Amino acid sequence: MVASRAIGSLSRLRAFRILRSRGYICRNLTGSAALLTRTHLNYGIKGDVAVVRFNSPNSKVNTLNKEIQSEFMEIMNEIWANDQIRSAVLISSKPGCFVAGADINMLAACKTSQEATRISQEAQRMFEKLEKSTKPIVAAINGSCLGGGLELAISCQYRIATKDRKTVLGVPEVLLGILPGAGGTQRLPKMLGIPAAFDVMLTGRSIRADRAKKMGLVDQLVEPLGPGVKPPEERTIEYLEEVAVTFAKGLADKKITPKRDKGLVEKLTSYAMSIPFVRQQVYKKVEEKVQKQTKGLYPAPLKIIDAVKTGIEQGSDAGYLAESQKFGELAMTKESKALMGLYHGQVLCKKNKFGTPQKEVKQLAILGAGLMGAGIAQVSVDKGLKTLLKDVTVAGLGRGQQQVFKGLNDKVKKKAITSFERDSFFSNLIGQLDYQDFEKSDMVIEAVFEDLSIKHKVLKEVEAVIPDHCVFASNTSALPIKEIAAVSKRPEKVIGMHYFSPVDKMQLLEIITTEKTSQDTTASVVAVGLKQGKVIIVVKDGPGFYTTRCLAPMMSEVIRILQEGVDPKKLDSLTTGFGFPVGAATLTDEVGVDVAQHVAEDLGKAFGERFGGGNVELLKQMVAKGFLGRKSGKGFYIYQEGSKNKNLNSDMDSIFASLKLPAKPEVSSDEDIQYRVVTRFVNEAVMCLQEGILATPEEGDIGAVFGLGFPPCLGGPFRFVDLYGAQKIVDRLRKYEAVYGKQFTPCQLLLDHANSPSKKFYQ
Amino acid sequence: MTSILTYTFRNLPSTSKWTLRFCVRPLSCSSQLRAGPAVQTKSKKTLAKPNVRNVVVVDGVRIPFLLSGTSYKELMPHDLARAALLGLLHRTNVPKEVVDYITFGTVIQEVKTSNVAREAALGAGFSDKTPAHTVTMACISSNQAMTTAVGLIASGQSDVVVAGGVELMSDVPIRHSRKMRKMMLDLNKAKTLGQRLSLLSKFRLNFLSPELPAVAEFSTSETMGHAADRMAASFAVSRQEQDEYALRSHSLAKKAQDEGLLSDVVPFKVPGKDTVSKDNGVRPSSLEQMAKLKPAFIKPYGTVTAANSSFLTDGASAMLIMSEDKALAMGYKPKAYLRDFVYVSQDPKDQLLLGPTYATPKVLEKAGLTMNDIDVFEFHEAFAGQILANFKALDSDWFAQNYMGRKTKVGSLPLEKFNTWGGSLSLGHPFGATGCRLVITAANRLRKEGGQYALVAACAAGGQGHGMIVETYPK
């Protein structure tokens, strides 16, 4: 006991000393008179300009927490008290991050809304002081400047940002179910105008530096530098600081004014916004739009509108108060807990927990230039992977190459990349009909037709040409990898990579390992997936793995509901009303009716009754009539090129009529229909965790939300069970079980959670 | 035994001479050099290689380099090139018919004379049996023309080659927009009035907006001045350092002009105008005045200004290159040998203008020389910031280790041997013609100052660069 305490104090002492000595070295280098090192911040004085540097120890990013805030205020008070200092620069010493936002954990630790409100009010007060500072403060931004970071920056008198890809500004709070609670809802409308401020706050999107300059969010841009006599990132920060110091001096000397010339459009907008009637119309329009898009499931956007409105209509005192109170309320909502959970899960699924692969994949080969194959190629070539794309016909290959080109070209049109970058990325793609150069490939991903015998054939062909270290990954949505690997000479190198369509838009990648798959193979595949920008879950092999397996019973229920006479439009509105981004019937059309049939039959065989309910015959008849969904122009709906409105496919009536089942009135209310669909999904997901298909509930939630569109406001099936209550879900399942039978029988793990309310998937 | 003796003998006296030179140099910059003794401390006595033909420069000339928009503005590029060729003919008295081949460098092409070498040669009265071609490699285009000549001669294809370069920035091709061009081309093909009218009906006013030749790097869309400013910042080159360097260039050029050292300049009687006999961009100013200028590219805080950048220039140069045997057989006394050369290239975004840094050690190693062997450095000055950034890169261990794959830095360049007769900043920089000016100036300086080896280096758009060793022809 004593010993441990002694060690504890010793280590603290040592840490202290290291920090002090580092400060000393810095002082020698910069040669400034006063430099005080604290844990997260330090500052030096260049002439009459104080340079405050954010640099939280042991972290890649700076986040605003209580410690950093108090250190910051200490420093600022010193600066304000020091007569030698006439202006200040705020900058981060970390490449790629200015301030990434407030510390989410600080918020998560709040027990009551009052606590959260207090956090907001403290930050508001701090930033108000900055705003009212008589000594001009320049925010020098390099890297992410998000949330509280941006609110800090806009409280300063001037902002200079590097025109780097990593420099992004934004207030993503809405995506976490909260609002910018440190004055953001009050300052942004004044700075950007009401419409632009709403856009920034309600979408939570990240804005690149050059765009931010045009909007008036930053005042000057600094170009990132190349190599000089030290590393580019280091010198760029130094240069940014030099420029910022010049501007700080200029501001203090009143040689530079922080006011910006507004363009004609901006002037007109701000004039229009000065008319109360116009403002009311804008609020109304925005509210309507939000209502339509969120279906009332997300409280944050409406509160943001409220806070902005209060500030503008009733003055800033009321505005700040409204902001902090609504911040507190939002922080306590289930939605914000769900969304923050997803954020954490996403961070987790962006890491490779299988270690560094022995050999980095430099050349990738993809078999099959179909929608999936070409999609995988597209997300690979722009990350610098040399990619061989093999197909069996020139026409098929050409279609795939065109898909990749179009994907890249669309990025050029959006100015995300230059046409030159497009060309050089596209040069990474090598289309071919044979196995040339496969012997130099480090990984092969097959995306051929979902048929076991074809997969076996290509596996054998490929294994004859690839080198020993090369990984063979199968992109399949339902075929068990074990069965595919059965014909392999080297099953430890065989793995499943389940991409979601469209590959360039869907963030999820489900990786499936068999018992024989080696850890290095997994590490290698995860590394490639991360390079491709994917959020990754790694699951065990089994019929349907995790995602398809959860989707199948849900789809079975969807068919059942359709058979019971609910029309597809109504079903779509019920499912989207629950928070699914795409309605169930539309989803089937998008996935492809034939694919759905395939999966339903396969998994039906594997799992029997639990996947019953709906009659696969419905899908079969649709396929027979050529109603394959969007790709064939007809499914539940009729699709016309160029037209966004879709009408119901009236030819479906006869199919529905032939398979019609009587609805059970006791479980056919709108709410019951929603829960029948969702509880089957959730039950299957929990079962996957129970059976060990899933390693963690986090991965289950990420997979469901990012791969299948499970309502993000519920945070995924596991978070949903935690927040909604396992008992309530079990009660629902039991109710439906009584009517329909075994497909609704709750699984053991769910029952365990219902029986002991303290059990949670997330502690 | 004998070899050891000669070795010591060769080495002994030279050391003292080196010391002498070092003592004298600080006193004055150019006069003492003229009296300087022939240097013998070279790593190599000569760079002649067995079984390789020696290539010599008989002489080289250029018409005065003028600010674009001045006296040459009514002319066409081949007019300037022709004037340079005629000047060369006059200077060397070479019979036109012995010239086997002509090659010219140019950057912005006049579409009517895309092979400007041929048009100029025909106009200058060269034999129509003498083939001519035009090369382009941005600011090192005429370097490419010269090394093409070296290749033709060394490989035995030719004996006498004229290499040169030309640029006319007073007039540049400004095109119709792509949409307009497409409509015009389609109109050509349209057969009926109906087709024509339907094409014309698609006309929109914005078709008329012209397309200027890009001054930006195609791959990065960044203008060169912008890249130079960023590069200066990367190497922490200050505005003042740049202004001081630019002032040095102008002052030295003025001095060289006044002392009549720029003997490569031949007068040019411009049709309808007075005879032009000297470069008109040399304007030594004061640091105070230069400091008043606003940054030209990165506004408002950049460091590259109009005063510390090379300006848009019109001009042409030409050079008579021969195999040594042929030159001697024709009774010429050549000025210099063209020896080893290299072309380098690197990242066109962040290292756009660092060509000289990469080319210098490479060409020295290729020739088996060290920095100390070089008596004359003649570098192309695109921007003062670019020259100073190259200085710092050459003198940085970190840069050498991380970007050049070297263990140690190349070393600092001795300023007293560096561009002592001015450079592109002051004399001007007609893109396609600068390379020949560098080489002929290097040859003339070697002769004047009594040195043996010169190093010529230049950067170019596209992140490319060139380096060449020029060896003076023994007297």
Side-chain angles (χ1 to χ4, degrees), chain A residues 29-30 89 138 140 142 158-165 210 213 218-251 255-258 260-261 412 415-427, chain B residues 178 214 216-223 225-239 295 297-304 346-354 357-358 385-386 388-405 409-410 412 462-463:
Chain A
L29 285 177
T30 54
V89 168
V138 177
N142 178 48
Y158 208 77
R159 283 150 298 280
I160 303 176
T162 54
K163 201 178 149 190
D164 194 282
R165 281 215 175 142
D210 44 354
K213 168 102 192 314
V218 300
D219 301 289
Q220 287 295 339
L221 293 179
V222 164
E223 296 283 332
L225 300 181
V229 292
K230 49 177 87 166
E233 302 79 31
E234 202 181 314
R235 177 62 195 146
T236 300
I237 294 177
E238 231 178 64
Y239 179 52
L240 173 65
E241 186 180 306
E242 288 164 17
V243 173
V245 165
T246 341
F247 276 94
K249 278 196 181 121
L251 285 163
K255 280 183 189 154
I256 300 165
T257 58
R260 194 172 66 90
D261 293 333
V412 175
K415 298 201 170 151
I417 58 172
T418 65
S419 61
F420 187 83
E421 281 169 317
R422 172 199 66 203
D423 298 346
S424 88
F425 291 151
F426 196 58
S427 305
Chain B
R178 179 84 189 239
E217 197 71 11
F218 182 75
S219 60
T220 62
S221 312
E222 189 182 22
T223 61
H226 198 278
D229 203 323
R230 276 199 310 120
M231 205 174 77
S234 300
F235 286 93
V237 178
S238 71
R239 165 81 184 264
F297 300 98
I298 298 187
K299 295 164 189 167
Y301 55 85
T303 52
V304 173
Q346 62 283 335
D347 173 18
K349 169 119 187 102
D350 288 332
Q351 302 187 38
L352 183 67
L353 305 174
L354 285 181
T357 298
Y358 286 88
Q386 166 257 335
L388 295 168
N390 274 287
F391 281 2
K392 296 201 177 187
L394 283 166
D395 204 20
S396 159
D397 280 326
W398 187 88
F399 189 83
Q401 283 153 7
N402 289 284
Y403 285 89
M404 296 169 73
K409 62 186 180 183
V410 182
S412 61

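A quick note: this is a predicted structure, and the numbers were derived from the prediction, not measured. Just so we're on the same page: letters track the sequence lines, and every chain starts at 1.
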Exercise for review: Could you walk me through whether B:Y403 and B:T357 pass the side chain to side chain contact (heavy atoms under 4.5 Å, CB included) test, one step at a time?
Suggested key: CA-CA 11 Å; B:Y403 285 89; B:T357 298; over 6 Å; no

Best-contacting candidate, [options], against chain B by heavy atom pairs under 4.5 angstrom:
options: A:V243, A:T418, A:I256; value: A:V243
options: A:S419, A:P231, A:G250; value: A:P231
options: A:E242, A:E238, A:R235, A:E421; value: A:R235

Review point. Given the options B:R230, B:H226, B:K299, which has more heavy-atom pairs under 4.5 Å with chain A than any of the others?
Key: B:R230

Exercise for review: Examine the side chains of B:Q351 and B:Y358 and answer whether a donor and an acceptor come within less than 3.5 Å of each other.
Suggested key: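 There is such a pair between these side chains.
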
Exercise for review: For residues A:A244 and A:A140, report the shortest heavy-atom separation together with the two atoms involved.
Suggested key: CB-CB, 3.8 Å

Review point. Closest approach of A:V89 and A:A248, non-hydrogen atoms and distance?
Key: CG2-CB, 3.9 Å

Review point. Can you tell me if A:D219 uses its side chain to pair, donor with acceptor, with the backbone of A:I160 under 3.5 Å?
Key: no

Check your understanding: Do side-chain atoms of B:E217 reach the backbone of B:G462 as a donor and acceptor pair under 3.5 angstrom?
Key ->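 Indeed, once roles are kept as given, a pair shorter than 3.5 Å links the two residues.
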
Point to revise | Close approach to chain A in residues 389-398 of chain B, criterion heavy atom under 4.5 Å | key: B:K392, B:S396, B:W398

Point to revise | Which portion of B:A400 sits near chain A, non-hydrogen atoms under 4.5 angstrom | key: neither

**Study point:** A:T236 and A:D164: CA distance, side-chain angles, deciding distance, side chain to side chain contact (heavy atoms under 4.5 Å, CB included) verdict
**Key:** CA-CA 10 Å; A:T236 300; A:D164 194 282; 5.7 Å; no

Practice item. Let me see the working for A:Q220 and B:Y301 under side chain to side chain contact (heavy atoms under 4.5 Å, CB included), right down to the final yes or no. Key: CA-CA 10 Å; A:Q220 287 295 339; B:Y301 55 85; 4.2 Å; yes

Practice item. Can you tell which part of A:V229 gets under 4.5 Å to a heavy atom of chain B, answering side chain, backbone, both or neither? Key: both

Review point. Under a 4.5 Å heavy-atom cut-off, does chain B meet the side chain of A:L221, its backbone, both or neither?
Key: backbone

Review point. Above 12 or not: heavy atoms from other molecules or residues under 6.0 Å from NZ of B:K349?
Key: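 Buried by this count: over 12 neighbours within 6.0 Å.
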
